[in-house]
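Worksheet for the structure shown next.
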Protein chains: 2
Amino acid sequence: MRQALIDEGGFRSAQDVYGALRAAGHKVGLSTVYRHLQAFSDQGEADVIHTGDGETTYRFCGDSGGHHHHLVCRRCGRAEEVESRSIERWAEETAKRFGYTDVDHTVEVFGVCAACAAAS
Amino acid sequence: MRQALIDEGGFRSAQDVYGALRAAGHKVGLSTVYRHLQAFSDQGEADVIHTGDGETTYRFCGDSGGHHHHLVCRRCGRAEEVESRSIERWAEETAKRFGYTDVDHTVEVFGVCAACAAAS
DNA sequence: GGTAATAATGAACATCGTTATCACTCTTAG
DNA sequence: CTAAGAGTGATAACGATGTTCATTATTACC
């Protein structure tokens with residue numbers, strides 16, 4: 001199961017993973033997929049991105065615990081882990097300037113990867 | 001209706017707006033609220049943020065068309081419009097470095113505003 | 001090995017936000 | 001006044017996710 005998500009490589013929705021597993025012949029329930037995906041996310045083993053259309057997508061992430069963001073291909077879901085100290089600093093500083101505390105932030109960059117661009 | 005969203009001040013879900021209108025005595029349907037909110041968003045009159053728990057929140061935004069991000073209070077929904085040329089530059093540059101095109105990005109900062117922090 | 005306790009599973013159902021239907025009303029043009 | 005068109009809202013439909021619970025797999029202990 002863990003392997004399934006790893007194999008997918010990019011950000012995938014629960015239903016995607018479920019479909020892939022079923023297609024591969026595994027008899028697995030949707031509930032189980034959701035459960036595991038959430039567990040992975042809770043343990044920091046997987047990164048989560050909420051797409052604009054209400055889907056939650058997961059991706060196995062080696063750098064557990066490390067704070068980072070993603071550059072995601074909106075066609076195939078492939079993602080690069082990116083990091084920027086300056087972004088973190090900017091967020092902190094901006095929040096402080098307006099008197100906000102307990103700060104958190106989401107930063108995701110979407111685009112079309114070279115492979116997908118070539119394919120079209 | 002437009003006024004209702006303006007009055008709310010911060011990011012509010014369709015259901016919130018619906019509730020506020022009903023509470024104010026207006027007889028309005030949920031469908032209509034959704035329709036208008038989406039229309040505002042389409043016309044760029046309102047900004048949209050998808051919260052982590054699958055809700056879509058809207059906020060009336062003066063700076064129509066201008067690209068900006070938000071510093072949002074996760075308690076009361078109040079929001080400050082923030083802007084950072086450096087963030088835009090970083091996103092562009094990062095995408096280019098990995099060969100991604102047709103780039104877009106979401107940047108939202110969440111925290112607890114001074115008022116809400118004081119209230120607790 | 002055998003057995004009891006425990007955890008994991010998955011089918012069906014519940015929920016929640018959102019969207020589509022469609023009859024009805026309100027407005028506008030003639 | 002009347003007919004056409006737009007807007008409205010109650011309700012049903014929908015898709016993603018969460019929960020329930022009986023069944024199955026696993027582990028611990030004898």
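Reminder, nothing fancy here: chain letters follow the sequence lines and each chain counts from 1. This structure is a prediction, so every number in the text was calculated from the model and none was measured.
- Hydrophobic clustering of Ile, Leu, Val, Met, Phe, Trp and Tyr side chains at less than 4.5 Å, counting indirect connections, keeps I49(A) apart from I49(B).
- Rounded to whole Å, the distance from NE2 on H50(A) to P on dT18(C) is 14 Å.
- Summarising the geometry, the separation between OH on Y58(B) and P on dG17(C) is reported as 13 Å, rounded to the nearest angstrom.
- With contacts defined as side-chain heavy-atom distances shorter than 4.5 Å, the pair E80(A)/H70(A) does not qualify.
- Atom CD of Q15(B) and atom P of dC16(C) are 10 Å apart (whole Å).
- Annotation: R12(A), atom CZ; neighbour count of heavy atoms from other residues, nucleotides and ligands within 6.0 Å is above 12.
- In this structure, I49(B) places its CD1 atom 18 Å from C1' of dG17(C), rounding to the nearest Å.
- As a whole-Å value, the separation of R35(B) CZ from dT18(C) C1' is 13 Å.
- To the nearest 0.5 Å, the span separating CZ on R75(B) from CZ on F110(B) amounts to 14.5 Å.
- Of all the residues in residues 26-34 of chain B, K27(B), V28(B), G29(B), S31(B), T32(B) reach under 4.0 Å from DNA chain D with at least one non-hydrogen atom.
- When atom types are taken as modelled, the side chain of R74(B) and the backbone of D102(A) share a donor-acceptor pair closer than 3.5 angstrom.
- With a heavy-atom cut-off of 4.0 Å to chain B, the contacted part of DNA chain D has its first and last nucleotide at dT8(D) to dT11(D).
- Side-chain atoms of H50(B) and H50(A), non-hydrogen and from C-beta on, never get closer than 4.5 Å to each other.
- Chaining together hydrophobic side chains whose heavy atoms lie under 4.5 Å apart places V103(B) alongside L71(A), V82(A), I87(A), W90(A), F98(A), Y100(A), V103(A), V107(A), V109(A), L71(B), V82(B), I87(B), W90(B), F98(B), Y100(B), V107(B), V109(B).
- Residues H105(B) and E88(B) form a side-chain contact, since some pair of their non-hydrogen atoms from C-beta on lies under 4.5 Å apart.
- In this structure, T56(B) reaches the sugar-phosphate backbone alone: every heavy-atom distance under 4.0 Å involves primed, P, OP1 or OP2 atoms, never a base.
- What separates CG of D53(B) from C1' of dG17(C) is a distance of 10 Å, to the nearest Å.
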